[in-house]
Amino acid sequence: ETGVTQSPTHLIKTRGQQVTLRCSSQSGHNTVSWYQQALGQGPQFIFQYYREEENGRGNFPPRFSGLQFPNYSSELNVNALELDDSALYLCASRPTGTGELFFGEGSRLTVL
Amino acid sequence: GENVEQHPSTLSVQEGDSAVIKCTYSDSASNYFPWYKQELGKRPQLIIDIRSNVGEKKDQRIAVTLNKTAKHFSLHITETQPEDSAVYFCAAGKGPESSNYKLTFGKGTLLTVNP
């Protein structure tokens, strides 16, 4: 058990709507990152937070935003949803200074 | 940015045979190369990793080799078992000790081990 939990596990939205996905990291893991995994693809880095500040971003538009809170929880927000946003969204935490990512089970988003 | 290519996309072997999955990366500054296993409907989990100052690492039936000059690394699974069936992802990153490190993943290899 990695201790990283995500909610909701599944959700369906329509194009143009907004969504918030939540993650609870493992205690002591100061760094959390979010990945998008499209069907049949590898996880793609969205952004990373360290001590409540974004400190790295992948090739995703500004409508993808996030927050990290002092209690090891974090959020991924996506505005103006597009059909291509349909994917599994994975949260991953790690202790600062180590390379291993501890993934959650993911939130599967379907945009209709 | 970093680009990771992974081959093959699917691999089917008989139980007891060996399986090899290969990856190439583009950024010579990358120095950390993990492999993740993702079973159907489950989260990716680290199975082995290697740093750029090491050419080979082994953990029971799993081994990883790295060729920095050619910028490629490989996963070797010996004596495969049905429970090895999963999607395997290679990844590359630099500076895991730093706060802004990230991983670039390959597209994955679906390994099927037939009993």
Side-chain angles (χ1 to χ4, degrees), chain A residues 1-7 9-10 21 23-26 29-60 66 68 87-108, chain B residues 1-10 21 23-25 27 30-54 57 59 64 66 75 86-110:
Chain A
E1 180 59 50
T2 67
V4 180
T5 58
Q6 292 186 241
S7 63
T9 55
H10 297 81
L21 308 178
C23 173
S24 178
S25 301
Q26 205 160 324
H29 290 194
N30 293 322
T31 303
V32 65
S33 49
W34 286 87
Y35 286 79
Q36 180 195 67
Q37 186 177 21
L39 201 60
Q41 302 293 314
Q44 191 171 357
F45 177 74
I46 302 174
F47 47 57
Q48 177 174 268
Y49 279 78
Y50 172 66
R51 292 187 175 177
E52 301 159 47
E53 290 194 7
E54 184 182 300
N55 74 341
R57 190 175 187 92
N59 190 26
F60 282 81
Q68 184 187 26
L88 179 69
Y89 288 85
L90 293 163
C91 164
S93 70
R94 67 183 179 101
T96 305
T98 68
E100 181 177 359
L101 297 179
F102 293 84
F103 284 94
E105 294 277 3
S107 293
R108 184 163 297 283
Chain B
E2 176 66 275
N3 183 48
V4 176
E5 300 282 345
Q6 182 171 348
H7 300 279
S9 56
T10 61
I21 303 171
C23 289
T24 61
Y25 61 99
D27 189 347
S30 289
N31 60 2
Y32 176 66
F33 307 93
W35 288 84
Y36 283 80
K37 175 183 180 182
Q38 187 175 30
E39 297 177 8
L40 188 63
K42 301 289 188 181
R43 70 190 81 197
Q45 290 189 298
L46 179 73
I47 55 171
I48 195 168
D49 57 10
I50 191 168
R51 302 283 182 122
S52 60
N53 59 347
V54 176
K57 184 177 179 180
D59 183 4
V64 58
L66 170 66
L75 177 71
V87 178
Y88 291 81
F89 294 98
C90 63
K94 46 191 172 185
E97 301 79 12
S98 69
S99 60
N100 62 351
Y101 133 96
K102 67 170 186 178
L103 286 177
T104 301
F105 285 84
K107 291 187 175 182
T109 296
L110 174 62

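Values in this document were obtained by computation on a predicted structure and should not be read as measured data. Lettering of chains follows the sequences in order, A, B, ..., and the numbering in each one begins at 1.
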Min side-chain heavy-atom separation Tyr35(A)-Leu103(B) under 4.5 Å: yes
Identify which part of Ser33(A) has an atom lying under 4.5 Å from any heavy atom of chain B, answering side chain, backbone, both or neither. neither
Could you check whether atom CZ of Arg51(B) has more than 12 heavy atoms from other residues, nucleotides or ligands sitting under 6.0 Å from it? yes
Residues passing the ring pair (Phe, Tyr, Trp, His ring centres under 6.0 Å) test with Phe89(B), sequence neighbours excluded, are none
Which atoms of Pro34(B) approach chain A - backbone, side chain, both or neither, heavy atom under 4.5 Å: neither
How close do Tyr32(B) and Glu100(A) get, heavy atom to heavy atom, and via which atoms? OH-N, 3.8 Å
dist Phe45(A):CZ -> Tyr101(B):OH (nearest 0.5 Å) comes out at 10.5 Å
Arg43(B) to Glu105(A) - nearest heavy-atom pair and separation: NH2-OE2, 3.0 Å
Which atoms form the tightest heavy-atom contact between Leu88(A) and Gln38(B), and what is the distance? CD2-NE2, 4.3 Å
Chain B contact via Glu54(A) - which portion, at a heavy-atom distance below 4.5 Å: neither
Tell me, with the steps shown, if Phe105(B) and Gln37(A) meet side chain to side chain contact (heavy atoms under 4.5 Å, CB included). CA-CA 10 Å; Phe105(B) 285 84; Gln37(A) 186 177 21; over 6 Å; no
